[in-house]
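Along the sequence shown, residues are numbered consecutively beginning with 1.
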Amino acid sequence: MTSATDNSLSAASVNATAEEARAVAEAARETEWNRPSFAKGLYLGSFDLSLIHPWPEAKAEDVERGEDFMAKLEALCRTMSGRVIERVAKIPDEYLKGLAELGVFGMKIPREYGGLGLSLVYYGRALALVGSVHPSLGALISAHQSIGVPEPVKVFGTDEQKREYLPRCAAGAITAFLLTEPDVGSDPARMGATAVLSDDGESYVLDGVKLWTTNGVIAELVVVMARVPEHTDADGTTHKGGISAFVVEMDSPGITVENRNAFMGLRGIENGVTRFHQVRVPASNRLGREGQGLKIALTTLNTGRLSIPGLCVAAGKWSLKIAREWSNARTQWGRPVGQHEAVSKKIAFIAATTFALEAVFELSAEMADAGARDIRIEAALAKLWSTELSCRMADELVQIRGGRGFETADSLEARGERAVAAEQLLRDLRINRIFEGSSEIMKLLIAREAVDAHLAAAGDLASLDASLQDKAKAAVGASGFYARWLPKLVAGAGMDPRSYSDFGRLGKQLRFVERSSRRLARQTFYGMGRWQAKLEHKQAFLGRIVDIGAELFAMAACCSRAENLLHTRPEHAAAAFELAEAYCEQARVRVDEYFDQLWRNTDDADRDLSRKVLAGDYAWLEAGILDQSEGTGPWIADASPGPSAKESLHRKYR
């Protein structure tokens with residue numbers, strides 16, 4: 001196919017309509033629920049505690065192998081310096097080689113392919129440990145193991161692809177996942193990268209530019225998402241093509257790493273801009289069918305998202321340690337600062353949230369390992385909630401540290417004080433609210449699943465394009481669903497003071513979760529009834545619905561975790577119950593506020609104000625400052641296909 005044809009395809013994708021974008025997203029979404037989901041039930045008013053309690057029990061063999069590996073990994077991590085990574089903005093090659101020799105790059109790869117075959121629980125714990133040295137290490141391993149080549153090949157690859165790639169990945173071939181483009185983020189309908197099938201059908205020719213390719217600078221293998229144009233075989237068979245996934249060797253001719261990007265945090269991350277020009281990829285390197293790329297990407301992310309909550313656990317534990325030690329050491333007005341209420345409130349928030357972070361991650365990972373539950377929503381909630389709460393926690397730690405919290409570790413050490421990198425933690429954590437789906441996109445994804453039952457019942461009522469006659473027919477069908485469903489939301493176990501009594505003092509928290517789950521379902525129904533097809537545009541409303549469910553999930557996880565520790569770690573049981581109760585009480589305040597804001601807010605006024613801002617009505621308010629970015633370049637870099645004019649920055653570490 002000619003480059004002119006490629007350009008026209010790219011232009012068409014860039015100009016995708018809202019309807020086309022929605023269709024692409026819907027086609028990639030998993031719609032079947034063959035296994036029960038605790039979190040999905042929360043949004044429908046069904047609080048089934050049996051889905052998460054008793055706490056899922058890991059296999060003894062998995063625990064033994066996991067603990068043995070963690071001991072070796074800790075010994076290796078103690079030889080590494082996060083300060084070195086921060087100063088040189090690079091992970092030393094010897095660190096990477098050490099990790100490879102220990103098998104870190106194959107933690108989730110089955111043992112039959114040379115990997116360690118660790119459970120998700122121990123994979124997350126390993127990420128937390130490595131991330132406590134420097135978050136760039138956690139980002140590198142997560143990008144490789146959770147969303148890079150190993151996971152999609154393990155799930156969607158052929159036997160031949162598994163035999164070819166998984167042993168290499170386990171041995172230390174670092175990989176990356178390439179989806180984002182300069183003008184394409186969470187809207188894949190606009191994708192410009194193309195993969196054109198050759199006339200003989202033996203290969204694809206890949207063209208395009210990918211942005212923010214984490215690990216791309218040093219990767220040996222990458223998974224690339226590209227749009228395959230519609231094409232016709234010699235026998236006349238027509239193929240629709242579509243966004244497809246390919247495993248690509250990074251030393252292939254035509255690949256140029258044009259830039260190594262630098263960020264406010266994660267200074268050691270090997271993230272770049274990668275250009276593909278007439279790169280020939282064997283047809284045997286395609287993962288799955290043509291057009292299955294987005295489904296592969298979303299399926300990979302379902303459990304891959306649990307890596308970030310694991311890293312957030314590490315941030316919480318370190319924040320708690322520093323807050324405790326510093327608040328005892330620093331004295332103000334005759335008392336340690338931790339004894340002043342203004343600071344003690346922050347310490348209590350950090351402690352309770354750290355317990356919750358660990359509970360949410362461990363519960364989600366244990367359920368994923370067990371395989372009996374569908375954890376799509378749990379994993380998404382864990383990612384969304386963990387990243388938001390951990391960022392707030394890091395901000396509170398900086399505040400507790402005062403001026404020292406704003407000072408770098410090197411500066412503190414240079415003047416004779418302990419090198420506490422609180423400001424670095426805040427910088428490093430900030431990207432997690434954007435990584436693997438921004439908080440705003442995550443809320444929309446979760447909300448789509450949360451209201452799925454309503455959309456299915458409403459039918460054409462939820463369609464902007466349906467006729468009045470079709471809507472009338474749909475209303476009849478919807479009335480049957482709601483006639484059966486709504487009565488279930490009136491009363492439940494949360495109204496019985498004897499319910500969940502086996503949880504002791506935490507029983508009242510679970511009763512609150514049960515009542516709030518039914519209340520949440522009712523409020524969602526009211527929103528559906530009020531806005532119908534326009535509900536998808538009420539993103540602030542849907543965001544609060546999601547936030548409520550996230551807090552309820554975290555509360556339930558805390559209660560289950562505390563009860564589990566009563567039997568498995570009785571020496572910590574009393575403290576665990578205190579921490580779980582503290583988190584639940586703090587979360588209840590937030591939940592009540594979210595419920596209140598569902599209907600008492602400034603959403604409509606804010607939307608109108610924003611439109612006027614965008615129209616330039618208030619541009620006069622910007623007078624009196626200088627914008628130093630003016631003239632430095634366009635808002636979005638040109639990503640037109642073609643050869644690169646730059647020297648490749650791709651490098652090998654082994």
Item to complete: Could I get the full list of side-chain contact (heavy atoms from CB on, under 4.5 Å) partners for R289, not counting sequence neighbours?
Response: Q292

Discussion item. Could you report the tightest heavy-atom contact between T175 and C169, atom names first, then the distance?
Written reply: CG2-SG, 3.7 Å

Worksheet entry | Qualifying residue for side chain to side chain contact (heavy atoms under 4.5 Å, CB included) with I91, from V84, L99, I85 | I85

Discussion item. Under the rule for side chain to side chain donor-acceptor pair (under 3.5 Å), what residues qualify as partners of S307, not counting sequence neighbours?
Written reply: S142

Discussion item. Applying side-chain contact (heavy atoms from CB on, under 4.5 Å), can you list everything that pairs with S629, at least two apart in sequence or on another chain?
Written reply: D627, T632

Response to the item:
Residues passing the side chain to side chain donor-acceptor pair (under 3.5 Å) test with D547, sequence neighbours excluded, are K443

Worksheet item: Mind checking what makes side-chain contact (heavy atoms from CB on, under 4.5 Å) contact with E647, not counting sequence neighbours?
Response: none

Worksheet entry | Residue list, side chain to side chain donor-acceptor pair (under 3.5 Å) with R168, at least two apart or on another chain | E249

Practice prompt. Might you confirm whether atom CH2 of W318 has over 12 heavy atoms from other residues, nucleotides or ligands at distances under 6.0 Å?
Written response: yes

Return a table of donor-acceptor pairs under 3.5 angstrom between the side chains of residues 216-224 and protein atoms on other chains or two or more places apart.
unit_1 : atom_1 : unit_2 : atom_2 : d
E220   : OE1    : R654   : NH2    : 3.3
E220   : OE2    : R654   : NE     : 2.7
E220   : OE2    : R654   : NH2    : 3.2

Worksheet item: Got a sec, which residues hit salt bridge (Lys or Arg N to Asp or Glu O under 4.0 Å) with E181, two or more places apart in sequence or on another chain?
Response: K210

Could you list the donor-acceptor pairs under 3.5 angstrom formed between side-chain atoms of residues 108-118 and any protein atom two or more places apart in sequence or on another chain?
unit_1 : atom_1 : unit_2 : atom_2 : d
K108   : NZ     : E151   : OE1    : 3.3
R111   : NH2    : E61    : OE2    : 3.2

Worksheet item: Is the ring centre of F69 less than 6.0 Å from the ring centre of Y122?
Response: no

Practice prompt. Just jot down the side-chain contact (heavy atoms from CB on, under 4.5 Å) partners of Q424, sequence neighbours excluded, or say none.
Written response: E86, H134, P135, A421, R427, D428

Worksheet item: Strictly by modelled atom types, are S203 and R280 linked by a side-chain donor-acceptor pair under 3.5 Å?
Response: yes

Worksheet, complete the sentence: The side chain to side chain donor-acceptor pair (under 3.5 Å) partners of T79 (sequence neighbours excluded) come to none

Worksheet item: Regarding E388 and S439, is there a side-chain donor-to-acceptor distance under 3.5 Å anywhere?
Response: yes

Worksheet item: What residues, two or more places apart in sequence or in another chain, satisfy salt bridge (Lys or Arg N to Asp or Glu O under 4.0 Å) together with K317?
Response: E358

Fill in: Nearest-0.5 Å distance that lies between atom CD in E378 and atom CZ in F553
5.0 Å

